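This is a predicted model, so every value here is computed, not measured.
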Amino acid sequence: MASIGQIAGPTSGNDALSRARSRAALVPDCLVEAKRIANTVIAGWHGRRKRGIGENFWQFRPYTEGESLSRIDWRRSARDDHTYIRDHEWEAAHTIWLWADLSPSMMYKSTYGHVSKEGRALVIMLALAEILSRSGERIGCPGVMEPVSTRNAAERLAAALMHTPLEGGLPQTAMIRGWSDIVLIGDFLDDADSVMGRIGPLARRGLRGHVIEVADPAEEIFPYNGRTEFSDPETGSKLMAGRAENLREDYQRAYLARRENLGQSLRHLGWTFISHRTDHLASEALVAVHMYLSGMPARAASGGQP
């Protein structure tokens with residue numbers, strides 16, 4: 001039968017050098033697409049506001065014993081039998097670290113997906129940098145770019161990626177200090193225990209994390225039939241199936257169980273989990289993770305899905 005998917009590998013030369021050149025050539029197009037997508041979802045969004053010291057009114061709330069009397073709004077309190085505090089707001093800018101796992105498995109693209117997993121991960125990463133930088137956040141990429149607070153953070157990140165390509169696996173995070181968020185984008189095809197063994201230490205250090213699983217639709221629906229050869233892009237090992245359709249039910253069960261276990265384990269740590277397919281709009285993942293970063297409840301951010 002015809003090939004359903006393929007790994008878009010380098011064509012010649014040293015593997016590492018070819019991969020670096022291939023990705024460097026991909027980044028500019030991804031940046032253009034990322035800015036286009038960011039512009040479609042950013043209208044009306046602002047920085048993440050929290051109660052604190054500032055000039056703008058935030059809300060009225062009931063007075064709590066022990067708070068300074070100078071903060072009481074006597075005019076509002078005179079309207080009924082309660083005493084109210086007048087809260088102001090401040091822009092809660094802090095550092096958000098972005099990382100995309102661009103292992104060989106991320107280069108996969110089937111005829112069911114719009115783009116490779118690698119291309120979609122880069123677009124989400126750069127679009128998120130664009131959106132967050134416009135909100136005044138500091139954007140960094142571990143081992144690639146130190147945190148910056150500038151409107152052109154997406155362009156700077158793209159330039160840094162062209163000269164310091166991301167490697168596979170999870171990033172080195174020893175340089176991350178203080179209260180930060182980290183967004184990890186990848187396919188996370190390893191078993192949940194293995195992934196959590198690497199993510200758990202990050203959570204215990206106090207990092208707030210957001211994981212975006214990028215999947216090709218063929219990986220989920222397993223559309224293969226007849227004699228099919230499967231190749232592991234990480235190890236090069238191959239498996240020949242005489243009747244691939246006989247594997248579909250067991251495969252789908254194992255694939256979805258891995259995703260469910262990973263999502264539950266992440267939520268147990270207080271992290272968020274978003275599953276995204278490359279045949280869907282990249283803006284769907286962007287909206288979901290931006291809502292999480294803005295502090296919205298999980299069900300509101302994910303559209304009610306786990």
Side-chain angles (χ1 to χ4, degrees), residues 5 8 22-45 96-103 105-135 137 139 141 144 151-162 165-166 181-189 209-221 259 262-263 272-294 296 298 300-306:
S22 175
R23 186 167 300 138
L26 180 65
V27 168
D29 288 341
C30 286
L31 177 61
V32 172
E33 178 67 5
K35 292 177 76 68
R36 183 191 68 79
I37 294 171
N39 286 331
T40 66
V41 299
I42 202 170
W45 286 0
I96 299 176
W97 297 86
L98 306 176
W99 177 262
D101 175 9
L102 302 182
S103 302
S105 67
M106 291 292 291
M107 299 177 69
Y108 180 76
K109 177 188 178 300
S110 75
T111 56
Y112 295 85
H114 298 323
V115 295
S116 70
K117 293 186 291 182
E118 178 189 48
R120 180 54 56 86
L122 284 170
V123 165
I124 292 174
M125 184 185 189
L126 293 171
L128 195 53
E130 176 76 11
I131 290 173
L132 293 172
S133 64
R134 292 194 197 182
S135 299
E137 305 289 14
I139 306 301
C141 182
V144 175
R151 296 276 291 190
N152 70 337
E155 288 89 342
R156 293 182 62 171
L157 177 55
L161 289 171
M162 293 176 67
L166 295 178
D181 283 67
I182 185 167
V183 179
L184 303 175
I185 310 168
D187 53 17
F188 302 98
L189 289 176
H210 312 273
V211 170
I212 302 176
E213 177 204 54
V214 178
D216 188 279
E219 295 174 328
E220 185 172 308
I221 63 178
R259 174 183 290 167
L262 178 59
T272 63
F273 178 73
I274 297 165
S275 182
H276 173 74
R277 282 179 24 168
T278 58
D279 58 337
H280 293 183
L281 296 175
S283 56
E284 295 178 7
L286 280 174
V287 169
V289 73
H290 187 275
M291 293 299 184
Y292 280 131
L293 288 164
S294 300
M296 289 191 64
S302 62
Q305 297 178 358

L184 vs I212, side-chain contact (heavy atoms from CB on, under 4.5 Å): CA-CA, chis, key distance, verdict: CA-CA 6 Å; L184 303 175; I212 302 176; over 6 Å; no
Step by step, work out the side-chain contact (heavy atoms from CB on, under 4.5 Å) result for F273 and R259. CA-CA 10 Å; F273 178 73; R259 174 183 290 167; 3.8 Å; yes
Short question: side chain of S116, backbone of G119 - any donor-acceptor pair under 3.5 Å? yes
Candidates D216, D187, D101, D279 - the one meeting salt bridge (charged side-chain N to carboxylate O under 4.0 Å, His left out) with K117: D187
In the structure I gave you, are the side-chain heavy atoms of V27 and M162 within less than 4.5 Å of one another anywhere? yes
Check whether any side-chain heavy atom of I221 sits under 4.5 Å from a side-chain heavy atom of Y112, and report yes or no. yes
Nearest 0.5 angstrom please: I131 CD1 to I96 CD1, how far? 11.0 Å
Do L102 and L122 have side chains that get closer than 4.5 Å, going by heavy atoms? yes
Pairwise side-chain contact, W97 with D181, heavy-atom cut-off 4.5 Å (strictly under): no
Heavy-atom pair of closest approach, residues A121 and I185: CB-CG2, 3.8 Å
What I'd like to find out is whether the side chain of K35 reaches to under 4.5 Å of the side chain of E155, using heavy atoms alone. yes
Write down the atom of G113, the atom of P217, and the distance for their closest heavy-atom approach. N-CG, 3.8 Å
Verify the distance criterion only: is there a donor paired with an acceptor across the side chains of R120 and H276 at less than 3.5 Å? yes
Least distance between heavy atoms, A34 atom then A127 atom: CB-N, 3.3 Å
Atom CD1 of I124 and atom CG of L128: how far apart are they, to the nearest 0.5 Å? 9.0 Å
Strictly by modelled atom types, are T272 and H210 linked by a side-chain donor-acceptor pair under 3.5 Å? yes
Smallest heavy-atom separation, R151 atom then E130 atom, equals O-OE1, 4.5 Å
Check against side-chain contact (heavy atoms from CB on, under 4.5 Å), W99 and V183: CA-CA 6 Å; W99 177 262; V183 179; over 6 Å; no
Using a strict threshold of under 4.0 Å (side-chain N to carboxylate O), is an ion pair present between E219 and R277? no
What I'd like to find out is whether the side chain of I37 reaches to under 4.5 Å of the side chain of E33, using heavy atoms alone. yes
Using 0.5 Å steps for rounding, measure from the OG atom of S275 to the CD atom of E220. 6.5 Å
Answer whether the closest heavy-atom distance between the side chains of N39 and R134 falls below 4.5 Å. yes
Is the closest side-chain heavy-atom distance between M125 and V123 below 4.5 Å? no
Output for pair (I274 CD1, L286 CG), nearest 0.5 Å, gives 9.0 Å
Closest heavy-atom pair and its distance - A158, L126: N-CD2, 3.9 Å
Is there a side-chain contact (heavy atoms from CB on, under 4.5 Å) between H290 and L132? Walk through the geometry before answering. CA-CA 8 Å; H290 187 275; L132 293 172; 4.3 Å; yes
